[in-house]
Amino acid sequence: MSMYVYTIPIQDQYLIYRPLRKLAFVGNRALGTICQNIAAGKLTREQVPDSVRAFLDGIDFFADDPPPPTPPDHAFRPTSAVLLMTNRCNLRCTYCYANAGVLAPVDLSLELAQTVIDQVAASAQAQGGSYFELCFHGGGEPTQNWQVMQQATAYARTKLIPAKVVMVSNGIWSPAQREWVLTHMDGVTISFDGRPSTQDAQRILPNGAGSSALVLETIHALDEAHFDYGIRMTATAPWRETLPADVRFICENTGCKSLQVEPAFNTVRGTHRESSEEQSQAFVDAFMEAFEIAARAGRQLTYSGARPWLLTMSFCTAPYNALIVNANRELVTCYEIASDAHALANISTIGAIDAAGELTLDSTRRESLLNRLETKQTDHCADCFARYHCAGDCYTRSTSVIDGELQVTSARCQINRALTAQLLLWYVMAGDGVWNGQTILTMPTSQLSAMY
Amino acid sequence: MSDQTHKPNEDEPQIFAVNKGARGWHFNRRNFLKATSVAGAALTVGGCQSQTPTPTSTSMPTNTPPPTNTPMPTGVPPARGARAHASDVQSVAISADGMLLASGSSDNTIKLWSLPDGALLNTLEGHASEVNSVAISADGTLLASGSYDNTIKLWSLPDGTLRHTLDGHASIVNSLVISADGMLLASGSSDNTIKLWSLPDGALLNTLEGHTNLVVSVAISADRTLLASGSYDNTIKLWSLPDGTLRHTLEGSASYVHSVAISADGTLLASAGSGQSSGSNGNIKLWSLPDGALLNTFGEPYSEVHLLAISADSTLLASGRSGGSTIELWSLPDGVMRGFMSDVSFFSVDIFSIAINPDNTLLASAGRSPGGSGGSIKLWSLADGTYLRDLIDIAVSEPEFEGAQYSPDDEGSSVITLSCGSPIPAGSTCICNCVTGSGCSCVGHRSGGGSHYWYPN
């Protein structure tokens, strides 16, 4: 018999969970023990008490697990071109990991963009893909390198294989830029933190003014054009006081259906900081409150580390399927490695493109990084019920350089595990006692009475 | 927190229902057998097995007792693969006594269902194309249906006999309404006209011209002095009855007007349309009658509302988006959102029509079944927004749906597994194994000693 069964203690009872089957319910210790013994082959179906057996039969508990997800292919065959366009920025966000906007300006050149597009378009076409992706990303605000963005987009459209062009932006656009984006792009993620009081405190213009009005203008334009966009929120303490209200504001003032929130524990620009246990729990509580608000409004609120609906062996496709190039002409494995100033630049830089357009891939270094990611899953995550959901988590956020040594940290793990368990309980509730894999993003009707 | 009302032996295995309150999760112990049926509902859509003889859905069962006020089960996910029609359900109407629901479908048929139990009473065939609209007269003796075949058919109720076929429209009949006194039928068509017909004979009285695009929705005031029409020419027109004189053209919609409804007290007209502009306040408009002054605008400014229904007491408006899976409820006349109802069955459906019963206890939504093949009709409680049940015609439900258990029995009928709490289709028999006292909400349950089954009739 092949089955993974986890019994996760929740308020004196146990969330009994089979991740590969996407099956969850709540029982007491005795029921958890029975389930564990079944999984261990120490208890046969016939030995299970009649009433319990009937229940377990009803949910097909005795069936084996399906195979775990397939590990990602290490071959370097990118289908996504990610251009980290510039370190310039028209905001001075308090938590910016890249410390953007204050460093000596470095822009990605058009010829470099064209080289990357050529490589990825050819790679996607060779694999029989129907399109390739071109993404303008961070380290600064991509629209600050405006002409290159426009020309790179136009160039991508000349390829034989269609391009899906997307951007991650702060939404501070001129009317002309807005018009151009609506006309030429296929999707946008806007970084926006919610209520004006939050946005204006965290995402600040260089002159110290708030950015709320400007970004809302952009979002309303996207709504009006029925444009495909998502909102990426960064939440800071005190989470309980701010995050639910910020999510409510977005639900009430925008048409955005897809919201992602990530916590920031930074107090210093240009760094990532770990959270304390208390901070982690506060974020988890705030997220669940905000999740319910979003669900009631028919919106989807997600956090990258808690994805019980997903079974995967890779947290992020960036190290595997993306050709990510920063303005310094470096090939990197994460969207956040905008320069070698990043603490993890050393392990994340896997090549370069020289002035002649020649791409050099350091396969040894890349393989070393991929092995590092997989080793983390087999060692650090081996016994975790969320292992196939967060899949080792974002390595740049769960790894720290301490005394010159790379060390896996556990702060985000606590959040990921706690939130995954909370979402599973939500699903069990919505499934009337048993969750069996449905993705549930709307409010269960049983909870609607509170609205009347 | 765990349920403290029970002091179970910790050595005994227990399973818990999960609920969420203001102070966190609540785990309430429940019976394994009940959990079994619910779990079956969630996973295999099991729980209540209905042993169904060959469905006799084309004629009115003579031995079917009149519907009673059977307590309605709540919160039970609909059965995966359960269908009301073989194709999209385009329109639903509820009779004035609240006992009958009529549904028109893209499968060219009309079905009659008893409420609140949801039993299928009859299937009416005769249209040559999709049935786009249905309306029931206030006295419950007449059903009108409009179709893509450009005709309107009048049927006797409750027997479903075809009485008349009304020709005259040059294109699809999109919307029908019967006046409260049962003397007048109005039809809106893709030929850009509205036609007025006398009832019950079906004689054409008048053709109202003036719209420059499809007429997709019509409504008549309770006192039969006013007709409202909504059109894809972005206007609403108010017409005097019975003469058909155009009184007002209401503009202000940035795009198509999808639906109009007049409150029973005759003071309010609601209209729904496309998302408008960033400066707009919403996509639902309220107009005063008979003058046509704009009173209020609400709803999301960025999306389209295709469906409207106003409760009989004129205090509640339900709206839905065609192609959406959520119905929103609004207070009238202030336009304050009171809540929403969404398909939580995990198999979301597109909604094409909604109707509210006369005593405001029930809302019916109709549309496309999960997966896009077949039509569904769902009943919802208006008191608390809970899902009640799907209306199911076994004859068109999917035998191969996931978790379904069909097996031939000695009489050549089949066994189908429905979600616990589903109405048992007419002529079928529940053989579920819930025990007495387990709280199973299957309609029509009866005890049979220590355990109870449903035996063939």
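Reminder, nothing fancy here: chain letters follow the sequence lines and each chain counts from 1. In this text, all values refer to a predicted model and were calculated from it rather than measured experimentally.
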Q | For Trp25(B) against Trp426(A), the heavy-atom pair lying closest together | A | CH2-N, 3.4 Å
(Q) Using every non-hydrogen atom in the two residues, find where Asn28(A) and Glu12(B) come nearest and quote the distance to one decimal. (A)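 The answer is ND2-O, 2.7 Å.
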Q. At a heavy-atom separation under 4.5 Å, does Gln422(A) approach chain B through its side chain, its backbone, both, or neither?
A. both
**Q.** Contact class of Leu425(A) relative to chain B, heavy atoms under 4.5 angstrom
**A.** both
**Q.** Spatial distance of atom CZ (Phe25(A)) from atom CD1 (Ile15(B)) [nearest 0.5 Å]
**A.**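 That separation rounds to 6.0 Å.
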Q.
Using a 4.5 angstrom heavy-atom cutoff, name the option from Asp285(A), Val26(A), Leu31(A), Val52(A) with the most pairs to chain B.
A. Val26(A)
Q | Phe227(A) atom CZ: more than 12 heavy-atom contacts under 6.0 Å | A |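 Counting other residues, nucleotides and ligands, CZ of Phe227(A) exceeds 12 neighbours.
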Q. Are more than 12 heavy atoms from other residues, nucleotides or ligands located less than 6.0 Å from atom CZ of Arg248(A)?
A.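 Result for CZ/Arg248(A): open.
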Q) Passes side chain to side chain contact (heavy atoms under 4.5 Å, CB included), Phe27(B) versus Ile10(A)? Steps please. A) CA-CA 10 Å; Phe27(B) 301 141; Ile10(A) 308 271; 3.7 Å; yes
